[in-house]
Amino acid sequence: MTASNPIRTRIAPSPTGAPHIGTAYIALFNYAFTKRMGGQFILRIEDTDQTRYTRESENAILEALRWMRLAWDEGPDVGGPFGPYRQSERFAMYRDHGLRLVEAGHAYPCFCTGARLVKLREEQVKTKANPGYDGHCESIPPEEARRRVAAGELHVVRMKIPADGECVFRDRIRGEIKIAWTGVDRQVLLKSDGYPTYHLANVVDDHLMGITHVLRGEEWISSTPKHVLLYKYFGWEAPEFAHLPLLRNPDKSKLSKRKNPTGILYYRDAGYLPEALNNYLGLMAYSMPDGREIFSFDELAATFDLDRVSLGGPVFDLQKLANFNGQYLRRMDVRALADRATSWKLNPSLWQRILPLVQPRINTFSELVPMTAYFFADQLHYPPAALITGDIDGLRTARLLKIAQWEIEKTAAWTSEVIKAIFIGMAEKETLKLKTLLMPFFVAITGAPVSLPLFESMEILGKDMVLRRLQYALEALAGQGFTIKGKELKQLEAVYEAACAASKTFITS
RNA sequence: GCCCCCUUCGUCUAUCGGUUAGGACACCAGGUUCUCAACCUGGGAAGGUGGGUUCGACUCCCGCAGGGGGCGCCA
């Protein structure tokens with residue numbers, strides 16, 4: 001690369017949930033690659049799905065990536081010459097570009113209803129045909145299509161796909177990849193609400209922002225032909241693509257929060273150091289030329305080489321991460337350790353949130369630390385049988401914990417009031433007294449059936465930690481033989497959601 | 001079902017045609033220590049499978065199997 005053609009990369013998270021460890025992993029590789037090559041690393045917020053977007057999530061992403069010290073050169077908070085860096089603020093650009101494609105005959109308005117699409121899919125499944133849009137509206141004469149659009153008929157814009165041949169593109173670490181056009185669907189570019197889909201927005205933005213290298217997860221390989229084709233339609237040069245292997249659960253499936261903690265902020269709250277986490281992530285699908293395993297951010301960035309990326313999906317191993325974190329902790333001098341521990345949770349501002357909960361319950365300071373210890377822990381140690389309380393048996397306890405997980409995952413806001421509402425709602429559905437329902441949760445969250453107020457505790461602990469403790473509780477119950485297996489679990493979820501939709505009583509038993 | 005990607009110890013990986021296949025986490029044993037960690041020493045543990053190519057394959061090619069991903073008006 002020459003100075004006049006510096007490389008530019010980006011990380012483009014979607015603010016629809018808790019910031020994911022996979023985002024940090026991809027960001028780290030982009031960051032290291034960019035620093036090595038001497039370019040700019042951009043943060044772009046992909047908030048084109050207005051139905052799922054939350055502001056809390058966007059803030060959490062910035063907070064999490066900042067905590068990871070993955071500093072971006074341009075982004076929604078720091079600005080930059082290619083802004084805005086939030087897709088919702090670039091709305092008009094996508095519309096213009098989408099329409100440009102329609103005029104050029106590369107895309108067309110599609111008036112098909114959701115109902116028709118559902119029916120089409122059902123038929124395709126039944127006849128074992130490839131699922132995908134059938135091109136129904138592609139044959140509408142442009143004149144007529146224009147008239148119907150002008151008349152305000154609801155529509156989307158779809159891209160045209162070649163009828164035959166194949167798309168050949170180069171992946172920087174995998175080599176040539178060929179995908180037949182018949183296997184690529186006629187992607188919606190502009191949704192009926194006028195927002196672009198990821199595919200359009202990502203191509204338009206990457207071009208306009210001068211992105212030269214796209215390092216992303218391998219889940220994108222199969223939609224790369226659409227992107228390549230869009231670049232061609234626009235007459236733009238496509239960036240280089242490099243698809244990194246996905247982080248995996250111990251069972252090799254794609255890393256998911258149901259099987260592993262995936263929230264970046266969970267790791268912070270559980271007492272991991274960002275440098276240890278970065279170091280560990282740098283070992284996923286990558287190795288240093290000299291075989292070193294302990295290395296800093298800067299050392300990784302100084303030597304990073306895409307050719308050293310390995311392709312097997314790495315299993316995210318909490319034990320090794322914990323060991324690395326321990327090594328970093330041990331290496332620190334006591335002064336630094338004190339500072340870091342203090343800025344973690346041993347600070348006055350956290351105490352000021354916790355203290356009001358204990359103040360009415362203590363006679364001496366000596367009771368303080370024992371009573372609040374669970375705020376500073378990750379996994380709690382209690383006998384698994386303690387989770388089974390009152391008239392609620394083990395299996396029902398497991399189901400209740402599971403339902404609470406779903407409810408908590410669904411909520412964006414995180415205050416004790418919101419949490420309280422969730423549990424009151426659950427108690428009503430279950431026709432249980434709130435007090436009775438809460439018993440196993442007291443144990444799961446605070447480690448004891450008698451403790452400080454639960455909802456406030458959950459608020460202070462944070463959503464990720466609460467979810468994690470529910471998971472630990474579920475595992476403890478599973479150890480006692482109370483486990484909900486795959487099929488039952490799916491059934492429970494389906495029945496429960498149906499009951500929610502109908503706002504009916506739902507009693508797990 | 002169709003398409004694509006992947007395949008070295010349990011896990012993360014080194015190896016880029018010739019190595020006793022190396023390291024790390026985890027595990028086991030011993031040592032050290034007021035306990036426990038930490039630390040030190042040692043140990044078990046791997047190239048999915050069948051064909052090629054080659055004097056020689058973990059390494060290159062093909063088939064199969066296994067794993068993963070994708071097939072949304074989600075990203």
Side-chain angles (χ1 to χ4, degrees), chain A residues 12-17 20 22-23 44-53 87 110-114 117-118 121 124-133 154-158 166-167 169 171 173-175 177-202 216-226 243-255 279-294 307-327 329-331:
Chain A
S14 175
T16 52
H20 198 277
T23 304
R44 183 172 72 220
I45 297 294
E46 306 240 335
D47 57 349
T48 56
D49 185 351
Q50 291 295 303
T51 61
R52 294 201 302 158
Y53 169 85
Q87 289 188 328
C110 168
F111 305 94
C112 290
T113 59
L117 264 22
V118 169
R121 180 166 313 272
Q124 285 164 334
V125 169
K126 207 162 63 190
T127 60
K128 290 182 177 171
N130 285 356
Y133 183 63
L154 204 62
H155 68 283
V156 299
V157 170
R158 286 183 190 272
E166 58 185 13
C167 176
F169 63 92
D171 180 284
I173 52 187
R174 287 162 208 265
I177 295 176
K178 298 177 183 176
I179 296 175
W181 286 118
T182 50
V184 178
D185 58 57
R186 301 156 166 100
Q187 184 63 50
V188 169
L189 262 20
L190 291 170
K191 310 176 204 177
S192 55
D193 64 2
Y195 272 86
T197 56
Y198 167 83
H199 306 280
L200 206 220
N202 138 77
R216 56 178 14 170
E218 68 180 323
E219 61 210 300
W220 294 108
I221 291 178
S222 49
S223 43
T224 303
K226 295 171 200 168
H243 293 93
L244 303 167
L246 260 23
L247 261 24
R248 311 285 186 91
N249 294 311
D251 68 0
K252 297 278 189 185
S253 57
K254 175 161 103 169
L255 194 69
N279 189 157
Y280 180 67
L281 251 16
L283 244 32
M284 299 281 88
Y286 191 73
S287 62
M288 289 291 246
D290 61 5
R292 253 181 317 163
E293 291 208 328
I294 299 288
D307 291 330
R308 294 196 61 83
V309 174
S310 59
L311 295 173
V315 171
F316 191 84
D317 179 10
L318 279 166
Q319 274 189 316
K320 189 159 181 173
L321 204 215
N323 172 284
F324 271 44
N325 205 66
Q327 293 194 46
L329 249 22
R330 266 167 244 132
R331 250 166 237 214

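Inter-residue side-chain proximity for H20(A) and L255(A) is flagged as met; some heavy-atom pair is nearer than 4.5 Å. Here the side chains of D47(A) and S14(A) are not in contact, with every heavy-atom distance at 4.5 Å or above. Between L190(A) and H155(A), the closest side-chain pair of non-hydrogen atoms is not below 4.5 Å.
The listed nucleotides are C12(B), C3(B), C5(B); the one nearest the side chain of I179(A) is C3(B).
Spacing of C1' atoms, C58(B) relative to A38(B), comes out at 37 Å, to the nearest Å. For A57(B) and U15(B), the C1' atoms lie 13 Å apart once the distance is rounded to whole Å. For the P atoms, the distance from A45(B) to A37(B) is 26 Å, rounded to whole Å. Spacing between U49(B) and C28(B) at atom C1', rounded to whole Å, works out to 32 Å. Across A26(B) and U13(B), the matching C1' atoms stand 15 Å from one another, rounded to whole Å. For the P atoms, the distance from C36(B) to A29(B) is 14 Å, rounded to whole Å. Of the P atoms belonging to C25(B) and G63(B), the separation is 40 Å, rounded to the nearest Å. Distance check on atom P: U11(B) versus G68(B) gives 13 Å, rounded to whole Å.
Remark: G43(B) base-pairs with C27(B). Criterion, Watson-Crick or G-U wobble with two distances under 3.5 Å. Base pairing of G66(B): its partner is C6(B), meeting the Watson-Crick or G-U wobble criterion (both donor-acceptor distances under 3.5 Å). The partner of C60(B) is G52(B), by the rule that a Watson-Crick or G-U pair needs both atom distances under 3.5 Å. G72(B): no Watson-Crick or G-U partner with both key distances under 3.5 Å is found in any strand. Across every strand in view, A21(B) sits unpaired, with no contact that passes the Watson-Crick or G-U test at under 3.5 angstrom. Of the nucleotides present, none pairs with C34(B) by Watson-Crick or G-U wobble criteria with both distances under 3.5 Å.
In this entry the distance linking CG of N279(A) with C1' of U13(B) reads 14 Å, nearest Å. The interatomic distance linking L247(A) (CG) with U11(B) (C1') rounds to 13 Å, in whole Å. For L283(A) and A14(B), the CG to P distance is 10 Å, given to the nearest whole Å. Per the geometry, NE2 belonging to H243(A) stands 10 Å off C1' belonging to C5(B), to the nearest Å. The CD1 atom of I294(A) sits 18 Å away from the P atom of C12(B) (whole-angstrom rounding).
Under a 3.5 Å cut-off, the side chain of T197(A) and the backbone N or O of V188(A) do form a donor-acceptor pair. Between the side chain of R308(A) and the backbone N or O of S287(A), at least one donor-acceptor pair lies under 3.5 Å. Under a 3.5 Å cut-off, the side chain of Q124(A) and the backbone N or O of G132(A) do form a donor-acceptor pair.
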Could you list all N or O pairs between the protein and nucleotides 20-27 of chain B that sit under 3.5 Å apart?
unit_1	atom_1	unit_2	atom_2	d
G23(B)	N2	E293(A)	OE2	2.6
A24(B)	O4'	E293(A)	OE1	3.2
A24(B)	O2'	E293(A)	OE1	2.5
A24(B)	N3	K320(A)	NZ	2.9
C25(B)	O3'	N323(A)	ND2	3.3
C25(B)	O2'	K320(A)	N	3.4

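Ring orientation note: the planes of Y198(A) and W220(A) are close to parallel, at an angle under 30° on the 30°/60° scale.
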Worked check of side-chain contact (heavy atoms from CB on, under 4.5 Å) between R44(A) and N202(A): CA-CA 10 Å; R44(A) 183 172 72 220; N202(A) 138 77; 4.2 Å; yes

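Between the NE2 atom of H199(A) and the OG1 atom of T224(A) there is a distance of 10.0 Å, given to the nearest 0.5 Å. Taken to the nearest 0.5 Å, the NZ atom of K191(A) stands 8.0 Å off from the CD atom of Q50(A).
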Footprint string (nucleotides 67-75 of chain B, 5' to 3'): B base within contact, S backbone only, - free, heavy atoms under 4.0 Å: SSSSBSBBB

